[in-house]
Amino acid sequence: MTDAPHGAARAGRRGAATSPLPAAFFDRPPQVVARELLGAVVVSELDGVRTAGRVVETEAYLALEDPASHGHGARRSARNAAMFGAPGDWYVYRIYGMHWCANLVCEPEETASAVLLRALEPLEGLDTMRARRGLATGRDDRLLCAGPGRLCAALGITRALDAQPMAASAVRVLAGAPVGPVRATTRVGITKAADLPLRFVVDGSRWLSRG
DNA sequence: GCGCCGATTGGCT
DNA sequence: GCCAATCGGCGCC
């Protein structure tokens, strides 16, 4: 079966009975949440199809003090309104007019901090992921969920999720097995506050959007 | 109102 | 490695 999970990452299945991460998990600074989200399992049940992946790369976006964040200066707009919502809410926005980026809101309401999901290790529904991504059933599944836009496409995530409480939505995040060493690096693709080590990766994972 | 730019991706030189 | 695709937000006229 081509949808067989990869390697050790069966935590999602074993923990299938586990409930979504609680709001309290997200009611902490985004850099803490970003690090601890590594290893969590994202399960999508959109379009009546189940797809799932394990988080291997995240980025933290702070509120007021982070010029790279959409929450910078607490400026509210139609796009970033969800960022001001409750911890554990989805914040999904469109980037470059064509791709979706999925975040989980952190800290109390009105704080406007979040964690961006940047890469997943594909676990379930790989055929569906390939179809959604327009990739042949051929090789290199490494590109399926390696990047914020790619993982959203693979899981079927769109603005429809925006501002929804994750735990009650069609895409839930479950606690996963512990991961290996975590490495912190600078964030990808930003020009402001580009020196802050707010990107977290499972060191050595082959599923990262970049090393 | 106008123009520029972005938490990206994929295709081509 | 370079660049187009594509569009809402934001700065500035």
Side-chain angles (χ1 to χ4, degrees), chain A residues 26 29-35 37-38 40 42 51 53 55-85 87 89-107 111-120 122 129-163 166 171 173 183-202 206-211:
Chain A
F26 299 96
Q31 58 271 44
V32 174
V33 174
R35 177 180 285 267
L37 264 181
L38 297 178
V42 182
T51 48
V55 180
V56 295
E57 176 180 343
T58 59
E59 278 177 2
Y61 285 86
L62 286 44
L64 296 162
E65 67 275 32
D66 182 0
S69 173
H70 293 165
H72 180 54
R75 292 186 61 83
R76 189 192 289 258
S77 68
R79 175 180 68 166
N80 72 1
M83 251 190 127
F84 293 79
D89 283 2
W90 286 110
Y91 166 44
V92 181
Y93 70 92
R94 209 205 268 284
I95 184 70
Y96 292 101
M98 57 181 77
H99 306 294
W100 298 105
C101 286
N103 301 250
L104 288 155
V105 175
C106 296
E107 300 184 292
T111 305
S113 65
V115 170
L116 170 72
L117 300 180
R118 281 201 58 93
L120 307 175
M129 290 184 184
R130 291 189 197 98
R132 285 171 171 163
R133 293 267 294 106
L135 298 179
T137 309
R139 261 295 59 75
D140 221 348
D141 290 338
R142 270 182 302 184
L143 294 178
L144 277 181
C145 301
R150 289 168 176 165
L151 78 86
C152 282
L155 297 196
I157 293 174
T158 68
R159 180 119 215 193
L161 272 186
D162 189 54
M166 173 275 289
V171 182
V173 183
R183 187 161 47 92
T185 76
T186 55
R187 295 173 290 185
V188 176
I190 58 170
T191 55
K192 296 170 242 175
D195 54 325
L196 300 180
L198 293 175
R199 170 175 176 257
F200 301 91
V201 304
V202 175
R206 66 187 296 257
W207 306 103
L208 305 180
S209 69
R210 53 191 296 178

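Source: prediction; values computed, not measured. All chains are named by letter (A, B, ...) in the order of the sequence lines, taking the proteins before the strands, and each is independently numbered beginning at 1.
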Item to check | Sugar-phosphate only, base, or nothing, as touched by A:Arg118 at under 4.0 Å among non-hydrogen atoms | outcome: sugar-phosphate

Checklist outcome for this item: Taken to the nearest whole Å, CZ/A:Phe200 to C1'/B:dA7 is 15 Å

Next on the checklist: Less than 6.0 angstrom from the centroid, inside 45 degrees of the normal: does A:Arg35 satisfy that with respect to the ring of A:Phe200?
Outcome noted: no

Next on the checklist: What's A:Asn103 touching, base or sugar-phosphate or nothing? Going by heavy atoms closer than 4.0 Å.
Outcome noted: base

Checklist entry - Considering only side-chain heavy atoms of A:Arg79, which listed nucleotide, C:dT6, C:dG9, C:dG11, is closest? => result C:dG9

Item to check | Ring-face cation contact, A:Trp207 with A:Arg142, 6.0 Å cut, 45° max | outcome: no

Next on the checklist: Taking any heavy-atom pair under 4.0 Å as a contact, classify A:Arg187: base, sugar-phosphate, or nothing.
Outcome noted: nothing

Item to check | Pairwise side-chain contact, A:Leu37 with A:Phe26, heavy-atom cut-off 4.5 Å (strictly under) | outcome: yes

Checklist entry - Under 4.0 angstrom, heavy atoms only, what part of the nucleic acid is A:Arg210 near: base, sugar-phosphate, or nothing? => result nothing

Checklist outcome for this item: Of A:Tyr96 and A:Arg159, the one whose nearest nucleotide on DNA chain C sits closer to the 5' end is A:Tyr96

Checklist outcome for this item: Checking B:dT8, C:dG11, B:dG10 against the side chain of A:Pro148 (C-beta onward), the nearest is B:dT8

Next on the checklist: Would you say A:Arg94 places a side-chain N or O within less than 4.0 Å of OP1 or OP2 belonging to B:dA7?
Outcome noted: no

Checklist entry - Between A:Arg150 and B:dG10, does any side-chain N or O lie under 4.0 Å from OP1 or OP2? => result yes

Checklist outcome for this item: Whole-Å distance, A:Ile95 CD1 to C:dG9 C1', equals 11 Å

Checklist entry - Does DNA chain B take part in any stems of at least 3 consecutive Watson-Crick or G-U pairs (both distances under 3.5 Å), and if so, which ones? => result B:1-6 with C:7-12, B:8-12 with C:1-5

Checklist entry - Would you say A:Arg210 has more than 12 foreign heavy atoms packed within less than 6.0 Å of its CZ? => result no

